[in-house]
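Just so it is clear: chains get the letters A, B, ... in the order the sequence lines come, proteins before strands, and each one is counted from 1.
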Protein chains: 2
Amino acid sequence: MNAPRSRRERPAKPALTRAGIVATAVGLMKAEGLDRVTMRRLATELDTGAASLYVYVRNTAELHAAVLDELLGTVNLRPGKGEWQDRLVEVLTSYTKVLFDHPGLAQSALVARPSGPHYLNLVEAVLALLSEGGIPPGQAAWGIDLLLQTATATAAEHQAGDSPADWDLVEAAVRNASPKTHPHIAALGSDLLSGSGPQRLAWGFRVLINGTRSTPREPSE
Amino acid sequence: MNAPRSRRERPAKPALTRAGIVATAVGLMKAEGLDRVTMRRLATELDTGAASLYVYVRNTAELHAAVLDELLGTVNLRPGKGEWQDRLVEVLTSYTKVLFDHPGLAQSALVARPSGPHYLNLVEAVLALLSEGGIPPGQAAWGIDLLLQTATATAAEHQAGDSPADWDLVEAAVRNASPKTHPHIAALGSDLLSGSGPQRLAWGFRVLINGTRSTPREPSE
DNA sequence: ACCTGAACACCGTTCAAGT
DNA sequence: ACCTGAACACCGTTCAAGT
């Protein structure tokens, strides 16, 4: 009890810093989801007014981007042993899972192009694996966007709606497709919706890896 | 002048119907963008209160989905002559362009799974082309998701931010990547960001078509 | 049945004024 | 320089009350 304290015992309001704001935002997001990470809600959490945050953060989009990069620090960039393709799928799956586990995060990754340090580490790790696999550099340079975009979009799609009602609609639409007007949909039927999420995603990554390897960029490009 | 009219000349407020609401929403979206298609704004346009719309529309997400399907009616499903791959890329590019031309639409397509009649027509057209190309049905059934998702995500990414500031950040991040810590990023350098949007997208579609053709689904799946 | 006004519970962002 | 309260201009959705 030797440190001097202010007269009244209070939760000790810490000085505002960008790092502190982002850290609080990450905590709030883990607790309540990204859509609750609003300027006003966050300000309340920090025991201040929303206006004060604008000294450290340009706007809500930038705040969400900072939260995203923080979370990307938890992606597993060092997969186990195995073929380079398997390890690549492992990294991409880890990335997808991080987005998937935090509703709203994938959405924000699609809208505001990530460029934080943890995102760069992810890009580097994926490029290293593509290089190890002998993918031509030009194709790797364009292919990585496709790989990360697919991961991000899959995460955004598969929990954004959240509501199974949407899925019921899709299922009904496929089932009710007339063989007259939509013969191919009718023929494939439930196979269009078959497979678990992870199964389809892993297959999708293989498709992209194989396609990137075998599809040259036009000479003029 | 023979039809009976109400005493005062007024802009003739039409009775509310779901079709009328959606049509007005489409007009509003074309004029001001999807983010202005709010319940309140739309109600003002229809000269009523926001609460009235809830008789015809479950919520904002459903309204946006209806607007999306309306717009999908303008996708070109009957491309010219040429190899099936080229025609497929043409259809997908048309779809991407429709989303791209209407800010916010792609976002909404990612969040609320489309299942309207025009969307089904698009799926049918793409499946027909994959079938014509001899893609095994099982691979086509899963591949179509990948194709449409890539189109949607690309549209969402490339105009959502809208701000070139985001891109400047990415560019700076790539340029400042140290060869020590990020050797592959440094080695590829500007090639990571090279190419026009349409060039990269067309290449991406080829990657997916080639990959879908050459990547079998696991027997157990 | 359909429509309405009012209410509840929120938003992002700016700005003049204070310390 | 940093922080604040108040204001401006909005949101989605629900509900009791009217026609």
Side-chain angles (χ1 to χ4, degrees), chain A residues 6-7 10-22 24-25 28-29 31-68 103-104 107-108 111-112 160-163 165-166, chain B residues 6-8 10-25 28-29 31-68 103-104 107-108 111-112 160-163 165-166:
Chain A
S6 62
R7 254 148 312 163
R10 292 247 251 99
K13 182 177 163 182
L16 286 178
T17 62
R18 191 184 152 102
I21 289 168
V22 172
T24 305
L28 186 55
M29 186 264 246
E32 310 190 15
L34 192 67
D35 56 331
R36 298 302 269 268
V37 182
T38 65
M39 293 305 232
R40 292 179 111 113
R41 181 75 177 73
L42 182 56
T44 302
E45 208 73 15
L46 289 162
D47 198 15
T48 182
S52 306
L53 303 180
Y54 284 82
V55 179
Y56 305 95
V57 160
R58 197 190 310 278
N59 51 38
T60 306
E62 194 199 287
L63 174 67
H64 285 185
V67 170
L68 168 65
Q107 280 270 80
S108 135
V111 174
D162 235 24
S163 71
D166 288 0
Chain B
S6 63
R7 250 149 314 160
R8 273 181 284 140
R10 293 249 248 98
K13 182 177 164 182
L16 285 179
T17 63
R18 191 183 151 100
I21 289 169
V22 171
T24 305
L28 187 54
M29 187 264 246
E32 310 191 13
L34 191 68
D35 56 330
R36 297 302 268 270
V37 182
T38 65
M39 292 306 231
R40 293 178 110 113
R41 182 76 177 73
L42 182 56
T44 302
E45 208 73 16
L46 290 161
D47 198 14
T48 181
S52 306
L53 303 180
Y54 284 83
V55 178
Y56 305 95
V57 160
R58 196 191 311 279
N59 52 37
T60 306
E62 196 199 285
L63 174 67
H64 285 186
V67 170
L68 169 64
Q107 282 271 80
S108 136
V111 173
D162 235 21
S163 70
D166 287 1

B:Arg58 atom CZ is separated from D:dT13 atom P, nearest whole Å, by 11 Å

Non-neighbouring partners of A:Arg36 that pass side chain to side chain contact (heavy atoms under 4.5 Å, CB included), sequence neighbours left out: A:Glu32

Could you give the distance from CD (B:Glu45) to OG1 (B:Thr38), rounded to the nearest 0.5 Å? 10.0 Å

Span that lies between the C1' atom of C:dA7 and that of D:dC11, in whole angstrom: 14 Å

Can you name the atoms? Protein N/O to nucleotides 16-19 of chain D N/O, anything below 3.5 Å, with the distance.
none

How many angstroms lie between CD1 in A:Ile21 and CE in A:Met39, if you round to the nearest 0.5 Å? 8.0 Å

Value in whole Å for how far the P atom of D:dC11 lies from NE2 of B:His64: 11 Å

Just to verify, what does A:Arg40 make a side chain to side chain donor-acceptor pair (under 3.5 Å) with, not counting sequence neighbours? none

Treat a base pair as Watson-Crick or G-U wobble with both distances under 3.5 Å, then lay out DNA chain C in dot-bracket form, 5' to 3', with | for cross-strand pairs. ||.|||||...|||||.||

Taking the same atom, P, in C:dC8 and in D:dA9, what whole-Å distance lies between them? 23 Å

Can you check the A:Leu63 CG to C:dG12 P distance for me, whole Å? 9 Å

Starting from C1' on D:dT13, measure out to CG on B:Asn59 and report it in whole angstrom. 10 Å

Sequence neighbours excluded - side-chain hydrogen bond (donor to acceptor under 3.5 Å, both in side chains) pairs with any residue from residues 54-67 of chain A: A:Arg18-A:Glu62

Residues two or more places apart in sequence or in another chain: which of them pass side chain to side chain contact (heavy atoms under 4.5 Å, CB included) with A:Ser52? A:Leu16, A:Thr48

Quick one: closest heavy-atom pair of A:Ala43 and A:Gly49, and the distance? CB-C, 3.5 Å

Residues at least two apart in sequence or cross-chain that pass side chain to side chain contact (heavy atoms under 4.5 Å, CB included) with A:Ala51, listed by chain then number, are none

Does anything in residues 33-41 of chain A come within less than 4.0 Å of DNA chain C? Heavy atoms only, and list the residues if so. A:Thr38, A:Met39, A:Arg40, A:Arg41

Check this one for me: any side-chain N or O of B:Thr60 less than 4.0 Å away from OP1 or OP2 of D:dC11? no

Note: A:Gly104 and A:Leu34 closest approach over all heavy atoms is O-CD2, 3.4 Å

My understanding is that only residues two or more places apart in sequence, or in another chain, count here; which of them pass side chain to side chain contact (heavy atoms under 4.5 Å, CB included) with B:Ala25? B:Val37, B:Leu42, B:Leu63, B:Val67

Which pairs, protein N/O on one side and nucleotides 3-6 of chain C N/O on the other, fall under 3.5 Å?
from: C:dC3; atom 1: OP2; to: B:Tyr56; atom 2: OH; distance (Å): 2.5
from: C:dT4; atom 1: OP1; to: B:Lys13; atom 2: NZ; distance (Å): 2.9
from: C:dT4; atom 1: OP2; to: B:Thr48; atom 2: OG1; distance (Å): 2.0
from: C:dT4; atom 1: OP2; to: B:Ser52; atom 2: OG; distance (Å): 3.0

Taking atom P of C:dC2 as reference, at what distance in whole Å does atom CG of B:Leu46 sit? 16 Å

